[in-house]
2 protein chains.
Amino acid sequence: MTITDAAPARLGDDVGACSSAPVDPCGSESSEARIIRDVLSRVGDKWSLLVIRMLHNGPLRFTQLQRSIDGISHRMLTQTLRNLERDGLVSRTSYPEIPPRVEYAATDLGRSLALPVLGLVEWASGNHASITDARDAFDAARD
Amino acid sequence: MTITDAAPARLGDDVGACSSAPVDPCGSESSEARIIRDVLSRVGDKWSLLVIRMLHNGPLRFTQLQRSIDGISHRMLTQTLRNLERDGLVSRTSYPEIPPRVEYAATDLGRSLALPVLGLVEWASGNHASITDARDAFDAARD
DNA sequence: CTGTATCCCAGGTGATACTG
DNA sequence: CAGTATCACCTGGGATACAG
């Protein structure tokens, strides 16, 4: 986990903090980077988190999800659900009735993901204003 | 997600679905959804988190960052740094020397963001295997 | 060294129509 | 109701050249 690995010691060390090693230069950097990007490409798309979040309180049907998530298209909801199902974050239960009924629910893995995600949401809620202000200031200073 | 070169920062563009109620339309739902998407579009792009992470231990120069982050292009590093600076997550200090020297550092806001982000990274590290397994199983069952 | 501008392509996403 | 396929668009992002 974490960030404790290939950290170059501040300024001054100048060139090539890791230029001597013939193999695996810079240690496990790219490995962690890959994990970060991996989780982001999974959860960082436009809709996944919103779906995860909606399913956190209990199963929902396709149409219920579509109504709950403002702006999501039919196609993207299907696609998002497929990816989440594929990654074991959401389960799909189909009832062979007429008309068909399908319920989606968060798996344990999906619910465990919701925890750190909520941390991020909390940060976003708390610092949303700071970001907006900073952005306005930056744009204003750029005239 | 939105990192357009000179984007005029579109904020509340998610209207449409809830147009009837005169007060607090759609409840707090769409508001939270907007915040989630907002933070994700900021941090969920391909490079921002990696930059934030590299700057967590101390300031770095442009070239140091480029060498540290595997695969990032000149253009995207500039662009990512501008966006982070604009949002108050990174500070930029230019020393009028020859050749020019510019140092980037995480702001307090940037560092505070790193915390929940690390939670996500930790989750990713811990559950990476589960996801991969689930995916393999899903793909195998689909033959 | 740092930053900007241009060209260009792959991929994500919406609209729409069709099937079970 | 739920899912799939097709098309068309737009944006992210790499390569490259140029400027300060």
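For A:R111, the side-chain hydrogen bond (donor to acceptor under 3.5 Å, both in side chains) criterion is met by no residue, not counting sequence neighbours. Evaluation of the side-chain hydrogen bond (donor to acceptor under 3.5 Å, both in side chains) rule for A:N127 yields A:W123 as partners, not counting sequence neighbours. With sequence neighbours excluded, the residues that form a side-chain hydrogen bond (donor to acceptor under 3.5 Å, both in side chains) with B:H128 are A:D38. With sequence neighbours excluded, no residue satisfies salt bridge (charged side-chain N to carboxylate O under 4.0 Å, His left out) with B:R92. Every residue was checked against the salt bridge (charged side-chain N to carboxylate O under 4.0 Å, His left out) condition with A:R61, not counting sequence neighbours, and none meets it. Qualifying side-chain hydrogen bond (donor to acceptor under 3.5 Å, both in side chains) partners for A:S48, counting only residues two or more places apart in sequence or in other chains: A:D45.
Computed from coordinates, the A:Q79 CD to D:dT6 P distance equals 14 Å when rounded to whole Å. As a whole-Å value, the separation of A:E103 CD from D:dG3 P is 12 Å. Rounded to a whole Å, the CZ atom of B:R142 is 15 Å from the P atom of D:dG3. Atoms CG (B:N83) and C1' (D:dG12) sit 12 Å apart, rounded to a whole Å. Put simply, CG on A:L81 is 11 Å from P on D:dT4, counting in whole angstrom units. With rounding to whole Å, A:R92 atom CZ is found 12 Å from D:dT4 atom C1'. Rounding to whole angstrom units, CG of residue A:L77 and P of D:dA2 are separated by 10 Å. Across the protein-nucleic acid pair, B:Q66 atom CD and C:dC1 atom C1' stand 11 Å apart, rounded to whole Å.
End-to-end axis angle for the helix from C:dC1-D:dG20 to C:dG20-D:dC1, using five pairs per end and rounding to 10°, comes out at 30°.
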key: Letter per nucleotide, 5' to 3', of nucleotides 14-20 of chain C [B base touched, S only sugar-phosphate touched, - untouched; heavy atoms, 4.0 Å]   = BB----B

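When heavy atoms are screened at a 4.0 angstrom cut-off, A:Y104 is found touching the sugar-phosphate backbone but no base atom.
Annotation: ring-ring contact (aromatic ring centres under 6.0 Å, His included) contacts involving residues 66-113 of chain A, sequence neighbours excluded, comprise A:F62-A:H74.
In this structure, the nucleotide among D:dT4, D:dC1, C:dT4 sitting nearest to the side chain of A:R82 is D:dT4.
The minimum heavy-atom distance between B:L109 and B:D87, with the atom names listed, is CD2-O, 3.8 Å. In plain terms, the two heavy atoms of B:L60 and B:M54 that are nearest each other are CD1-O, 3.7 Å.
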